[in-house]
Structures are given as structure tokens and as C-alpha cells.
Amino acid sequence: MTQTLDIPRAGTAGRAYQPRPFGLFKELERPGDVFRDLGPNWFASVMGTGIVANAAAVLPLRLPGLRVFATVVWALAAAVLIALIVAWSVHWTRYPERARGHAANPVMAQFWGAPAMALMTVGTGTLLLGGGLIGPAAAVSVDWVLWVAGTALGLVTTCWIPYLMMTRHDIGAGDAFGGWLMPVVPPMVSAANGALLIPHVASAQGRLTLLLGCYAMFGISLFASVIIITLLWARLVTHKPGAAVMVPTLWIVLGPLGQSVTAAGNLGTQAAHVLPAPYAVGAAVFALLYGVPTWGFAMMWLALAAAVTVRTARRGLPFALTWWSFTFPVGTCVTGTIALAARSQADALRIASVVLFALLVFAWLVVAARTVAGSATGRLFKCDLAGRGGGLGGWWPRSPGLCPGRRGSRGRPGTRGSRGCPGCA
């Protein structure tokens, strides 16, 4: 097995790297270090950007320029997705040991769900918004490719990551966090977005198969999410919120909740053209009578998460890529609320969807701006032991002398131990 060694350059041996005072990637020793610790968590930025476009495309509000705004944001998400795929390919080529090591880390492994959801989010945006730019037929074809790829990867992560957690990861009683939902949510995204592709299937049996498959994936994600949310609630009650940098991941709970409401609504609409009586009517009834109670719980969780976040921010909430948790989960609540409003014709839900969309756009603007700034300096690409960098993209708790991925006897991030994270090993 070959191993890449970092040879100190002449005159630098024994000396800690000092960041340059200015310039692009000034906090990195070499510009190429951008690819060194690029984890799957970076794809959350595509998810958070794409959901803004998708929500704007179906918002029950007609404003001048809204469609153009949605299309521009979708194009941005698509461009970021392409850039990340290229960059991640370089990461896997140049640093294969580190790339494989992400799955061995009990925290970073959870974000293997992000690439699958990023693919499908951009695919749905292509279907909703891309037809005017690339043509309707091409838009459908692109969505099919991205949906199939995202669904396949998502089904893998749904089984693979929990298997690693059960058999290899060293996890303590107080280690549950919102990120545990990331690998099991992709099938719910497949269900919600796959429903939009049902009209584009030619045969009746093909439409029925896709509809039933989407309902099956709905169940996979729903029941796994209920189990994890229960574990997370218990951890919060007994062990409290924990490290400030991980607090934003509480918002991830909104993801399976809002996306399940969206999926139930989309599938209920398509069932009317696919399922025989009385099941078509039952699907429509389920969409509303499941959606409203779930939406209510989501709003309660949003209030709890917001309260904990504000409390933490007063003490200090450092920016990290975990802040993207403020975007995609809220976006699923927007689309879920829109689906409920369309089915119930309730003005209150239409107003709620607009309010939630405003919250989504505000969060996205703030997080995107901070991400661009952190990326430009190179901070978010760093994984160091000094507590200054973003550490595998900034997801990790930071304290001087502690590697964010180092694991002690219980394998918890941020504890002293002999094993380093994939970026620091």
C-alpha cells in the first residue's frame, strides 16, 4: 500500500505554518490543500441552495422576478454540484486514505447522505425550472439521471452507515446528534421527488411500480427517522445540547418531517391517476391527515431548535458548515406547507409557507455569504490541531490541542486520544 508523505519544504522544517496576511486561501499552506480534507458534508451547501430554488418555484405567491430568482439559484446549485463532484474526485484520487477514512469517523460518516440528496435536489430543480433553458425533454432526462443516481446512493447509505454504527463505530450513550438522520433521509427525498417523475413514465405498470416504490422508500425513511428522533430527544434531555458548533444540527430533524409531508402530498396527487378506487382516495386523505399532525410537530421542533440556537448564540455560536442545517430542513417545511395549503385550500397555510420561505431565504443568504468568506480564506478547508480552522469543512467542535476527529476510549469527537481524524491522521 502506498502512502503519500508531506515533505517539509526547505527552510520550513520544525516551523509551524503561519497564515499569510492576505490573499486567496491565505490560511492554507498550499492552494492544493483545498482538496485534502474535502468531506461529503460539503454537499449540504448544494442541498441548501437547491431547496431555495425548488421552494420558490412552487411558492403560492406571484411576484415579479420570483421565477427568475428561482432559476438563477437553481443554476448556482447545479454549478456548485458540478464543482464539488470534480473537487471530490480530486480528493479521492490524491488522498484515497483520507477519503475512505470519512466513513470510519462516527460523526463525518453521517454526512454520506448529503451527496445523494444534493443530486436529487438539483434534479428536481431541473425538472421544475430547467425546461426553459435546456428544453423540457432534456430537463426530464437530467432529472431521471440525478434521481436514479441519488436514490441508489441514498439506499446504500441508509443501510451502510447504520451498519457501521452498529458494528464498527465506538459510540457512547450521549453521542446522538441531528446528523444521525442524514444517511436515512435520502429515501424520503427520493419519494418526494420521484413522485414528480411518475407522469413521465409511459406504461401503467411502470407508473404503478414507481408509485409503490416511492411509498416503500417513504416508509424506510419515516420509521428510521422516528427511532433516531426519539434517541436525539433522550440525549438532549439527559446530556443537554452539547458543543455549540453542533447545535445547528438540531434543525436537521425538520428535514424528514417536512420532506415526509411533501412526499405524502406529491404521492397523493399522483395516486389519483395510478391507483384504483378506493386507494386513490385513501392516498389523498392520508396526505392531509398525516401531513397536518406532522407539520404541527415540525413547527414545535422548529420553536425548540430556534430557542436552543438563540441561547447558544448568546454564549457564542462559531460559524461552521453545520450552519447549512438552517437551510435544507427549513426548505422541506416550506414545500410541505405549500403541499398542505394546495390540498386544504387553507389561507393560513399559504401565509405560513410564505413566512417560512422568508426565513429560508434569510438563512440561506447568511450561511452562503459566511461559506464564501470562509472558503476564500481557506479556513473551512483546514483540519488542524490548533483550533483555528474549519476542520474537515468546519463541522467539528474545536479546542486547542484536540483533533476534532480524535477518539478516546468512547470514540467521541473532540476527546483526547491516540487516533486522528481522516484529515489529521
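These numbers come from the heavy atoms of this one structure, side chains and all, not from hydrogens, waters or symmetry mates. Bear in mind the structure is a predicted one, so any value in this text is a computation, not a measurement.
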Quick one, [X] and [Y] - any side-chain contact, counting heavy atoms below 4.5 Å?
X: Pro186; Y: Thr157; value: yes
X: Leu84; Y: Phe43; value: yes
X: Cys333; Y: Met299; value: yes
X: Phe286; Y: Leu267; value: no
X: Trp180; Y: Ile227; value: no
X: Val245; Y: Trp323; value: no
X: Ile338; Y: Pro60; value: yes
X: Arg98; Y: Phe35; value: no

is_close_aromatic(Phe223, Phe218), centroid dist under 6.0 Å:
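No, they do not, as the ring centres are separated by 6.0 Å or more.
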Return the minimal non-hydrogen interatomic distance between [X] and [Y], and the atom names on each side.
X: Ser221; Y: Met188; answer: OG-CB, 3.3 Å
X: Thr158; Y: Pro183; answer: OG1-O, 3.1 Å
X: Ala287; Y: Ala264; answer: CB-O, 3.3 Å
X: His200; Y: Trp144; answer: CB-NE1, 4.2 Å
X: Thr262; Y: Gly336; answer: OG1-N, 3.0 Å
X: Ala114; Y: Pro40; answer: CB-O, 3.5 Å

For the pair [X] (side chain) and [Y] (backbone), establish whether a donor and an acceptor sit closer than 3.5 Å, ignoring hydrogens and angles.
X: His102; Y: Met108; result: no
X: Arg235; Y: Lys240; result: yes
X: Thr269; Y: Gly265; result: yes
X: Thr124; Y: Asn54; result: no
X: Thr151; Y: Val148; result: no
X: Ser353; Y: Arg350; result: yes
X: Trp160; Y: Ala103; result: no
X: Asn266; Y: Ala192; result: yes
X: Arg100; Y: Trp92; result: no
X: Arg379; Y: Ala376; result: no

Flag if over 12 foreign heavy atoms under 6.0 Å of [atom1], [X]:
X: Tyr163; atom1: OH; answer: no
X: Gln345; atom1: CD; answer: yes
X: Trp233; atom1: CH2; answer: no

Distance, nearest 0.5 Å, that separates [atom1] of [X] from [atom2] of [Y]:
X: Met47; Y: Met117; atom1: CE; atom2: CE; result: 3.5 Å
X: Phe297; Y: Leu302; atom1: CZ; atom2: CG; result: 11.5 Å
X: Met165; Y: Asp170; atom1: CE; atom2: CG; result: 12.0 Å
X: Leu208; Y: Ser203; atom1: CG; atom2: OG; result: 9.5 Å
X: Cys214; Y: Ile198; atom1: SG; atom2: CD1; result: 5.0 Å
X: Ile51; Y: Thr121; atom1: CD1; atom2: OG1; result: 5.5 Å

For a ring pair (Phe, Tyr, Trp, His ring centres under 6.0 Å) check, start with the C-alpha distance between Phe381 and Trp42, then their side-chain angles and the critical distance, and finish with the verdict.
CA-CA 10 Å; Phe381 299 106; Trp42 274 92; 4.9 Å; yes
Does a salt bridge link Asp37 with Lys382, judged by any charged N lying under 4.0 Å from a carboxylate O?
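Between Lys382 and Asp37 there is no salt bridge, as every charged N stays at least 4.0 Å from the carboxylate O atoms.
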Check the pair Leu210, Tyr215 against side chain to side chain contact (heavy atoms under 4.5 Å, CB included), reporting the backbone distance first and the verdict last.
CA-CA 9 Å; Leu210 181 54; Tyr215 269 118; over 6 Å; no
So Val107 and Met246, side chain to side chain contact (heavy atoms under 4.5 Å, CB included) or not? Walk me through it.
CA-CA 11 Å; Val107 177; Met246 302 302 282; 4.1 Å; yes
Starting from the C-alpha separation in whole Å, work towards a yes-or-no answer on side chain to side chain donor-acceptor pair (under 3.5 Å) for Thr309 and Trp251.
CA-CA 9 Å; Thr309 302; Trp251 292 70; 2.9 Å; yes
When you look at Asp33 and Arg36, which way does the salt bridge (Lys or Arg N to Asp or Glu O under 4.0 Å) test go after all the steps?
CA-CA 5 Å; Asp33 288 347; Arg36 180 183 174 94; 5.1 Å; no
What do the steps show when you test Val52 against Phe69 for side chain to side chain contact (heavy atoms under 4.5 Å, CB included), and what is the final call?
CA-CA 10 Å; Val52 173; Phe69 167 77; 4.0 Å; yes
Could you pull out all residues at least two apart from Arg343 that satisfy salt bridge (Lys or Arg N to Asp or Glu O under 4.0 Å)?
none
Begin from the C-alpha positions of Leu127 and Val142 and carry the test side chain to side chain contact (heavy atoms under 4.5 Å, CB included) through to its verdict.
CA-CA 8 Å; Leu127 183 66; Val142 170; over 6 Å; no
Looking at Cys159, Pro162, Pro256, which hits side-chain contact (heavy atoms from CB on, under 4.5 Å) with Val184?
Pro162
Only distances under 3.5 Å count here; give the side-chain donor-acceptor pairs of residues 354-371 to other protein atoms, sequence neighbours excluded, each with its distance to 0.1 Å.
unit_1: Trp364; atom_1: NE1; unit_2: Thr49; atom_2: OG1; d: 3.1
unit_1: Thr371; atom_1: OG1; unit_2: Trp324; atom_2: NE1; d: 3.0
unit_1: Thr371; atom_1: OG1; unit_2: Val367; atom_2: O; d: 2.7

Mind checking whether Trp88 and Trp112 have parallel, tilted or perpendicular rings, split at 30° and 60°?
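Trp88 vs Trp112 ring planes: tilted.
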